[in-house]
**Student:** 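Structure in C-alpha cells, see below.
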Amino acid sequence: MSQFDSVSLAPADPILSITEAFKADSNPDKINLSVGVFVDDSGVTPILGTVREAEKRIVETNATKSYLPITGSPNYGALTQKLCFGNSLADSLKGRIITAHTPGGTGALRVAADFISSSLEANSVWLSNPSWANHKGIFSAAGLEPQTYAYFDQSTLSLDYPAFIESIKTIPAGDIVILHACCHNPTGADLSPAQWDEVAAIAANAGWIPLLDFAYQGFGTDIETDAYCVRAFAQTGKALFVCQSFSKNIGLYRERVGALHVVVGNEDEAKRVTSQVKIAVRTNYSNPPAHGGAIVETVLGNADLRSTWITEVTAMRERIHEVRDQFVRALEAAGVGRDFSFLKEQKGMFSFTGLTKEQAIGLRQDHSIYIVDSGRINVAGITSKNLPRLVEVLKGTLS
Ligand code: LMR
C-alpha cells in the first residue's frame, strides 16, 4: 500500500505530448507539425540575431541576480505596453494600464485567471469553439468554469461571423470573454478590423470583459495591424485584459517571457487591481524570471535592435505565407481530391485542415507525421524537404 495509490493517471497534454512522441520516433523522415514553434526552411528554430546581440549586451552590463519586483521591471512594463497598445494610446492610458511581467503568455493567462477568480464576480469565462487546448485547463485550474461561444464553421473551415456575433451578444455583463487578438489558435481564422470594431462595441454595450490572448503579434499581417483589436477595445474606455507572449515573435520559447496588461478605469482602481495581481503572482511564482524579460527590454528599448527585430519578424511571417502558398499549390498539383485554398486565407502558424482525429492518429502511427488530434497543423513546420512526402501521404489519406 503506497501513499500514492489514490493518484490517477492524467491525460497527456494534447499538444506537447505529440512532440514528446515525435522525439521518441526513430524514423529519419518524421515530420512534426504539432506544437506552435517556428522553424526555418532547414528545420531549425533559430535564435534571432537581435536576441544574440541583446544577450551579449546583457552579459556585459548585468550587475546583479537579485529579485525583480513582483510585477517585473517598470521599464519592461512601459516597453511592452507600447508594443501592444501603440505609443499614443499607451501614453493616454498612463496610470490606467497595469502590467505584470509573467513567465510566458501562459503565465499571464494564469495570473489573469487567478485574479478574475479571486477578485471579480464573473460567473463564467467564454472560449471560442474551438480554442487553444490549454485555455480550458488554465481557467478551470483557477476555479472558473469555461463555456464556449460559436466561432468556426467546420463545414467551410472558416470563421462563422454571424454565428459568432449572435453568440457573444448573449454573454452576460461581468463575464470574461477570451478572444484571440490575431492568428487564431487553432484555426488561423481571424476577424477583420471592421469586425473587431463591431465586437468592441458589443462588449462595451453588453458589459462583458474581453481578455485578449496575444501570442502572435507580427505573424498575421504586421506588428501594428495585428494589434488592431487591442487598440479598438482599449479605446472603448472599458476594462480589458491582454495576455502577451514573446515566445513566437522574439523566438524566446524556452525563456518563458510574457506580460499581463489590465486596463482599468482610474488610478484608484489601478492601485487596487495591482495589489490583487501582486498576490496572484506572489502565490504562484513570487516574481518573474529575469533573463527573458531583459532580452525583451533590450530588443524593444534600443532603436537599432528594435528595427532589426521588425525585419526578423517580417521574414518569419513571410516564410509562413510562402509555405502556405507552396503547400496549397503542391496539394493541387498532386491532385489531392479536396480544395485546400482556404489555407491561404488563414493567418499565423496554424491551420485547421479538416482532418479527423482518426486520420491524425493514422498520420502519426503509419507515417511519422505528427499533427494535433483536432486536425490542427503548424504550417511553420513545413519545409521544402518535408513538403513532397507530406503531400504524398495526405493524398493517400484523403483518397
Ligand atoms: C501551441 O499552441 O502549440 C503553442 O501555443 C505552444 C503551447 O504551449 O501549446
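Given the structure is predicted, the values throughout are model-derived calculations rather than measurements. When a ligand or atom number is given, it counts from 1 through the structure's own listing order.
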**Student:** For Lys248, is there an ion pair with Asp226 - N to carboxylate O distance below 4.0 angstrom?
**Tutor:**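 Looking at Lys248 together with Asp226, the answer is no, because their closest N to O distance does not fall below 4.0 Å.
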
**Student:** Does atom NZ of Lys238 have more than 12 heavy-atom neighbours, drawn from other residues, nucleotides or ligands, at distances under 6.0 Å?
**Tutor:**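 Open: at most 12 neighbouring heavy atoms sit under 6.0 Å from NZ of Lys238.
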
**Student:** Between ligand 1 and the protein, which N/O pairs are shorter than 3.5 Å?
**Tutor:**
| residue | atom | partner | partner atom | Å |
| --- | --- | --- | --- | --- |
| ligand 1 | 2 (O) | Trp132 | NE1 | 3.0 |
| ligand 1 | 2 (O) | Asn185 | ND2 | 2.9 |
| ligand 1 | 2 (O) | Arg376 | NH1 | 2.8 |
| ligand 1 | 3 (O) | Gly36 | N | 2.7 |
| ligand 1 | 3 (O) | Arg376 | NH2 | 2.8 |
| ligand 1 | 5 (O) | Lys248 | NZ | 3.2 |
| ligand 1 | 9 (O) | Trp132 | NE1 | 3.0 |

**Student:** Any non-hydrogen side-chain atom of Gln81 less than 4.5 Å from a side-chain atom of Lys94?
**Tutor:**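 No, every pair of side-chain atoms sits at 4.5 Å or beyond.
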
**Student:** For His184 and Tyr151, I'd like to know if the aromatic rings sit close, meaning centre-to-centre distance below 6.0 Å.
**Tutor:**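 Yes: the rings meet the under 6.0 Å criterion.
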
**Student:** Ring centroid separation for His261 and Phe85, is it under 6.0 angstrom?
**Tutor:**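 Yes, ring centres under 6.0 Å apart.
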
**Student:** Do the ring planes of Phe164 and Tyr161 sit parallel (below 30°), tilted (30 to 60°) or perpendicular (above 60°)?
**Tutor:**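 Ring orientation of Phe164 relative to Tyr161: tilted.
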
